[in-house]
Amino acid sequence: MSTRRHFAVFTTASLPWMTGTSINPLFRAAYLAKDGSRDVTLVIPWLSRKDQELVYPNKTVFDSPLEQEGYVRRWIEERVDFRPSFSIKFYPAKFSVEMRSILPVGDITECIPDEMADIAVLEEPEHLNWYHHGRRWKNKFRRVIGVIHTNYLAYVRREKNGQVMACCLRYANTWVTRIYCHKIIRLSGATQDLPKSVVCNVHGVNPKFLEVGKLKLEQLQNGEAAFTKGAYYIGKMVWSKGYRELLDLLSKYQSRLGVLEVDLYGSGEDSDEVRESADRLSLAVKVHPGRDHADPLFHDYKVFINPSTTDVVCTTSAEALAMGKIVICANHPSNEFFKQFPNCRIYNNDEEFVQLTLDALAEQPAPLTDMQMYDLSWEAATDRFMEAAEINHPTAEPRSHQASKTYFPTFLRTRKLKQNLEDASVYLHQALSGLEVTRCAFGAVPKSLQPDEQLRKDLGLSSLPKKKKLKLKLMT
């Protein structure tokens, strides 16, 4: 085999859904391919038109994968200063209204031909594998790296019977990541601990934010007024994203924060409730619809307040730091990476929040150094990813290209205890994920074991063979 490596980056969402698992894997693919030394394929979900209407904003829909690919490529090309050279492939998927998530359909390992199967990067490996029924990732790919994006346990605990559900989910996440991944990268300590894992922030920021930061630095050095607005927060407008905590703090300390003006930007299920709660405050708190954080509207704000503790690594906090702003956030594992930046102010309690906010309004942000800008970049994030992923680390077992999807319990034939247990575990997971009744019992979209005819048609997949009806010949 050639020494040139091939990276297949599988993720759970795609633009135009503006979520972290759409944007960050897209940047990862672009920067892995940037220097031309690697072949990279980004593998993203394809939804039927009906599901697209449920997921994508502004009534955006695509008639073909080629049309959506064009959209994705235009978006990334407008944000980087080079022409990305990665490939894009689509896997069949369905949207789960109950889980508010896109879930794979069928065996998505088939998207990559066997002769190209080298390194698989599974963005949200637990999510991709909860209902996986197909080729075993470790058998098809030489190295399988999982990147944990989401603190699913924190979200589940907010639901009815949340503690019980979180306990079950913890074991499910541990199970599937152990049997399908060689290495796990957790973006921060806010995620659950998993086998074979390391904590490392392997995300960067859109280069456009660093350009704003450089402009603000020049303005400060020239003695100009770089920041003419006060404080703001931007995020999906749901209570779990820190809006409740922020409004509670502003309400409790209105007398001390009398000079504070805060603008909240976001769209989401709780927008109306957030607006009503803000209106009851004596402070000047205004609620606005969500906008792209790169919009020039945000450039002149000086202070970014982010009280959220449900993020794993908050992208908007990194973007605010890149733009040269002061960021005020809670002392939480999700913010550990940001502590190295002097403009990040961490509070441990309400009193510290108030004092840090007042100080930030009265001060000017510290200028970003070249090294700090580099640490926030996708170039640095890619270097951290390559190191954390241990790409050249020898795998525990050779890759197998057997096409069969039948998982006969090989643990009955081998003597290696560790491999015995893993083979048994894979066999059990495959057995459970191959039954419609157990899949649906654990939350899978009904009839998602194989792509339906519409998904097959959209993706150019061969149709399923029709079942032959048995005909009984009457003997007379």
Side-chain angles (χ1 to χ4, degrees), residues 1 5-12 41 43-45 89-93 103-148 171-185 194-197 389-436 438-439 442 444 448-451 461:
M1 179 182 173
R5 308 305 299 266
H6 179 268
F7 288 73
V9 181
F10 291 79
T11 189
T12 56
T41 301
V43 190
I44 56 181
K89 288 195 174 183
F90 290 83
Y91 66 82
L103 298 173
V105 175
D107 181 8
I108 66 174
T109 69
E110 294 178 347
C111 293
I112 303 298
D114 286 352
E115 61 272 16
M116 293 175 61
D118 183 14
I119 298 166
V121 182
L122 308 186
E123 311 275 355
E124 294 203 307
E126 70 281 56
H127 185 147
L128 287 169
N129 284 300
W130 285 326
Y131 312 109
H132 178 64
H133 185 76
R135 291 280 294 277
R136 184 176 174 185
W137 293 93
K138 288 182 181 178
N139 284 356
K140 176 155 184 170
F141 293 88
R142 287 183 167 83
R143 188 108 179 125
V144 184
I145 311 300
V147 181
I148 305 296
Y171 281 104
N173 291 345
T174 300
W175 184 18
V176 296
T177 53
R178 182 193 295 273
I179 63 178
Y180 291 127
C181 298
H182 293 108
K183 187 73 177 181
I184 295 292
I185 300 173
L194 291 167
K196 299 172 286 188
S197 69
E390 300 175 344
I391 296 300
N392 295 319
H393 192 277
T395 57
E397 57 185 284
R399 182 179 59 166
S400 170
H401 283 325
Q402 295 177 355
S404 172
K405 295 182 181 178
T406 302
Y407 286 82
F408 183 77
T410 56
F411 55 90
L412 297 175
R413 304 195 305 264
T414 180
R415 297 179 181 179
K416 295 181 180 179
L417 179 60
K418 185 176 180 180
Q419 192 62 50
N420 289 355
L421 295 174
E422 185 166 297
D423 287 346
S425 195
V426 172
Y427 179 72
L428 176 60
H429 184 258
Q430 289 287 322
L432 293 174
S433 63
L435 299 173
E436 181 71 8
T438 53
R439 292 173 65 85
F442 289 104
S448 59
L449 186 59
Q450 294 291 340
L461 304 174

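This is a predicted model, so every value here is computed, not measured.
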TODO: Please round to the nearest 0.5 Å and tell me the distance separating atom CD of E110 and atom CD1 of I108.
DONE: 10.5 Å
TODO: Decide yes or no on salt bridge (Lys or Arg N to Asp or Glu O under 4.0 Å) for R135 and D114, but give the supporting numbers first.
DONE: CA-CA 11 Å; R135 291 280 294 277; D114 286 352; 3.5 Å; yes
Task: Separation between CD1 of I185 and NZ of K196, rounded to the nearest 0.5 Å - done: 13.5 Å
- [ ] Flag the pair R143 and E390 as a salt bridge only when some basic side-chain nitrogen lies within less than 4.0 angstrom of an acidic carboxylate oxygen.
- [x] yes
- [ ] Start with the C-alpha distance between I119 and R142, add both sets of side-chain angles, then the distance that settles side chain to side chain contact (heavy atoms under 4.5 Å, CB included), and finish with yes or no.
- [x] CA-CA 6 Å; I119 298 166; R142 287 183 167 83; 5.7 Å; no
Open item on the list: Ring centres under 6.0 Å, that's the criterion: do H182 and F141 meet it?
Closed with: no
- [ ] Side-chain contact test, heavy atoms from C-beta onward, threshold under 4.5 Å: evaluate it for H132 versus Q430 and give yes or no.
- [x] yes
Open item on the list: I need the I184 CD1 to R178 CZ distance, nearest 0.5 Å.
Closed with: 10.5 Å
Open item on the list: Could you measure the distance from the NE2 atom of H429 to the NE2 atom of H133? Nearest 0.5 Å is fine.
Closed with: 10.5 Å
Task: ring pair (Phe, Tyr, Trp, His ring centres under 6.0 Å) partners for F10, two or more places apart - done: W137
Task: Residues forming a side-chain contact (heavy atoms from CB on, under 4.5 Å) with K89, sequence neighbours excluded - done: T41, P113
Task: Nearest-0.5 Å distance, OG1 of residue T109 to OH of residue Y180 - done: 10.5 Å
Open item on the list: Would you compute the distance between atom OH of Y427 and atom CG of L432 and round it to the nearest 0.5 angstrom?
Closed with: 10.5 Å
Task: Short side-chain donor-acceptor distance under 3.5 Å, R439 and S433 - done: no
- [ ] Please determine, by modelled atom types, if E126 and T177 share a side-chain donor-acceptor pair under 3.5 angstrom.
- [x] no
TODO: For a side-chain contact (heavy atoms from CB on, under 4.5 Å) with L122, tell me which candidate from I148, V147, N129 qualifies.
DONE: N129
Task: Check ion pair R136-D107 (N to O, under 4.0 angstrom) - done: no
